[in-house]
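These numbers come from a predicted model, not from an experiment. Throughout, protein chains are lettered first and strands after them, A, B, ... in sequence-line order, and every chain is numbered starting at 1.
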Protein chains: 2
Amino acid sequence: MPSSTILSTAELRRPVVAAAAVRRFAVGGYHGTTVADVANEAKISPAYVFKLFPGKDALFVAALESCFDQVLEALRAGADRADDNGPEAVLDAMGGAYADLIADRSLLLLQVHAQSAAGEPVIAEALRDGLARVVTFASERSGASGEQVQRFIAFGQLCHLIAITGLDETPEPWARLLAQGIRHP
Amino acid sequence: MPSSTILSTAELRRPVVAAAAVRRFAVGGYHGTTVADVANEAKISPAYVFKLFPGKDALFVAALESCFDQVLEALRAGADRADDNGPEAVLDAMGGAYADLIADRSLLLLQVHAQSAAGEPVIAEALRDGLARVVTFASERSGASGEQVQRFIAFGQLCHLIAITGLDETPEPWARLLAQGIRHP
DNA sequence: TTGTTGAGTGTTTGGTCACTCACCTAGCGA
DNA sequence: TCGCTAGGTGAGTGACCAAACACTCAACAA
């Protein structure tokens, strides 16, 4: 199947394959997704994925890095949109921007799968790196106290749990209790 | 291998196989663990696992139920040990008991893996059931407000994140910030 | 024209996994 | 002694997957 389109170089291909990996790994997780799945999503052959990335783990790490890039960008944009410059107002604006970002669930699911796959040392390291970027940026940009930032992250994790288990659509009292005040995940 | 020991009945075997499943699934997660792994851990043949449980998913669900049984029991015991009967003191005692329970990490890891495997509907349902038991019990036993219980669960999730990424042994400031005040996870 | 290199693919391979089935054995009632 | 039932297993089977291999094709330089 020859094509008349200009071929992209490997450097340009890598990020689009990483984006395809985000979507696919978000669905199946690390062990539940095959490299062929990602290749199909990116419309290239499985073999070429192994030329762009040395192995499956590196592919997942690239996806996770892309995920945290988008999270950081959302937090930055959200903070810029805050009308008040107080720590709480900035953190609140960040939380809202994050809630909007994960509306499609891919970035959220990938983070959950990454926690599950953290037995792989390179994945645990990528997870720590991303978390470090989020915590550091949230702290410095908002000027909030340690307790406030800690609470910000804790409720982010709760938000993940609510989305994964579908608690926002569970009418029982205990579920309403957990989801109360959490921005429409 | 003939044995001189008394054979247990299938009903008695099921919970010990479920306990073996907890340990094994905690290490490899749902997709990363084979039924043969669990069979080896339980010292029976893989074929017999399929006689005790209809499939791999049912085996994982049984493990998760066993996990939440232990969590509930720990919370109950912790609450009974509280010296003050105020909501905050009871929740605090429950948190301490939970921190002690997950010292070996198996029950913690299984919950994280369950979140990752919640794409499987039966696993998502088992996760919701367990969460419902925890939230309902914590609410009723402590008499705490919705906000207090919500915060209790949120910080439990943060505790999981800290343990998984090994933040308690990370000396950098952002990690110390996140782990501050969290009971030695 | 010829040689070389990098992009990209089809196919194979070696191995693993979920699940099945025929079979064996121990006990027990008649 | 003869079944009968229930616990338990060895030996597969078909499907799938990560990774490697063996190639084709386009572009370019001498």
- prompt: Is a side-chain N or O of Gln148(A) found less than 3.5 angstrom from the main chain of Ser145(A), in a donor-acceptor match?
  reply: yes

message: Has Asp37(A) got a side-chain atom pairing as donor or acceptor with Thr34(A)'s backbone, closer than 3.5 angstrom?
response: yes

message: Could you work out how much the helix from dT1(C)-dA30(D) to dA30(C)-dT1(D) bends, comparing the axis of its first five pairs with that of its last five, to 10°?
response: 20°

task: Can you tell me the distance, in whole Å, between the OH atom of Tyr48(A) and the P atom of dA20(D)?
output: 17 Å

message: I'd like to check Phe68(A) versus Glu65(A) (side-chain heavy atoms, cut-off strictly below 4.5 Å). Are they in contact?
response: no

query: Lys56(A) side chain: which of dG8(C), dA19(D), dT9(D) is closest?
result: dA19(D)

- prompt: So, do Asp84(B) and Val90(B) sit near enough that their side-chain heavy atoms are less than 4.5 Å apart?
  reply: no

field: Counterpart residues, ring-ring contact (aromatic ring centres under 6.0 Å, His included), relative to Phe60(A) (two or more places apart)
entry: Phe25(A), Tyr30(A)

task: In whole angstrom, give the distance that lies between atom CZ of Arg13(B) and atom P of dA6(D).
output: 17 Å

message: Are the side chains of Thr165(A) and Thr170(A) in contact, using a 4.5 Å heavy-atom criterion?
response: no

- prompt: Atom CG of Asp37(B) and atom C1' of dA18(C): how far apart are they, to the nearest Å?
  reply: 12 Å

statement: What residues 118-126 of chain B contributes to the DNA chain C interface at heavy-atom separation below 4.0 Å is none

field: Whole angstrom value for the distance that separates C1' of dT16(C) from CG of Asn40(B)
entry: 14 Å

Stretch residues 25-34 of chain B: residues that reach within less than 4.0 Å of DNA chain C through a heavy atom: Thr33(B), Thr34(B)

Could you pull out every donor-acceptor pair under 3.5 Å between side chains of residues 131-139 of chain B and any protein atom, sequence neighbours left out?
from: Arg133(B); atom 1: NH1; to: Asp69(B); atom 2: OD1; distance (Å): 3.1
from: Arg133(B); atom 1: NH2; to: Asp69(B); atom 2: OD1; distance (Å): 2.8
from: Thr136(B); atom 1: OG1; to: Ala132(B); atom 2: O; distance (Å): 2.7
from: Ser139(B); atom 1: OG; to: Val135(B); atom 2: O; distance (Å): 3.2

- prompt: Please, which pairs that meet salt bridge (Lys or Arg N to Asp or Glu O under 4.0 Å) have at least one residue in residues 134-161 of chain B, sequence neighbours excluded?
  reply: Asp80(B)-Arg141(B)

- prompt: To the nearest angstrom, how far is Lys43(B) atom NZ from dT9(D) atom P?
  reply: 12 Å

- request: Could you tell me the separation between the CG atom of Leu52(A) and the C1' atom of dA19(D), rounded to a whole number of Å?
  value: 15 Å

query: Do Ile102(B) and Cys159(B) pass the side-chain contact (heavy atoms from CB on, under 4.5 Å) test, and can you show the C-alpha distance, the side-chain angles, and the key distance before you say yes or no?
result: CA-CA 10 Å; Ile102(B) 62 177; Cys159(B) 176; 4.1 Å; yes

query: Taking DNA chain D as the partner, which of residues 58-67 of chain A come within under 4.0 angstrom of it by heavy atom?
result: none

- request: Could you pull out the closest heavy-atom pair between Leu52(B) and Arg13(B), with the gap in Å?
  value: CD1-CB, 4.1 Å

task: Just jot down the salt bridge (charged side-chain N to carboxylate O under 4.0 Å, His left out) partners of Arg176(B), sequence neighbours excluded, or say none.
output: none

message: Before you tell me yes or no, could you show the steps for Leu75(B) and Gln70(B) under side-chain contact (heavy atoms from CB on, under 4.5 Å), namely the whole-Å CA-CA distance, both residues' side-chain angles and the distance that decides it to 0.1 Å?
response: CA-CA 9 Å; Leu75(B) 295 186; Gln70(B) 294 174 64; over 6 Å; no

Please produce a list of atom pairs where a protein N or O lies less than 3.5 Å from an N or O of nucleotides 20-22 of chain C.
none

- request: Answer yes or no: is there a side-chain heavy-atom contact under 4.5 Å between Arg23(A) and Asp104(A)?
  value: no

- prompt: Excluding sequence neighbours, so at least two apart, what forms salt bridge (charged side-chain N to carboxylate O under 4.0 Å, His left out) with Arg128(A)?
  reply: none

- request: Only counting residues at least two apart or in another chain, list the ones meeting salt bridge (charged side-chain N to carboxylate O under 4.0 Å, His left out) with Arg14(A).
  value: Glu11(A)

For residues 118-127 of chain B, dump all side-chain donor-acceptor pairs below 3.5 Å to protein atoms at least two apart in sequence or in another chain.
none

- prompt: Whole Å only: how far is the CZ atom of Arg24(A) from the C1' atom of dC17(D)?
  reply: 14 Å

message: Output the rounded distance in Å from CZ (Phe53(A)) to P (dA7(C)).
response: 14 Å

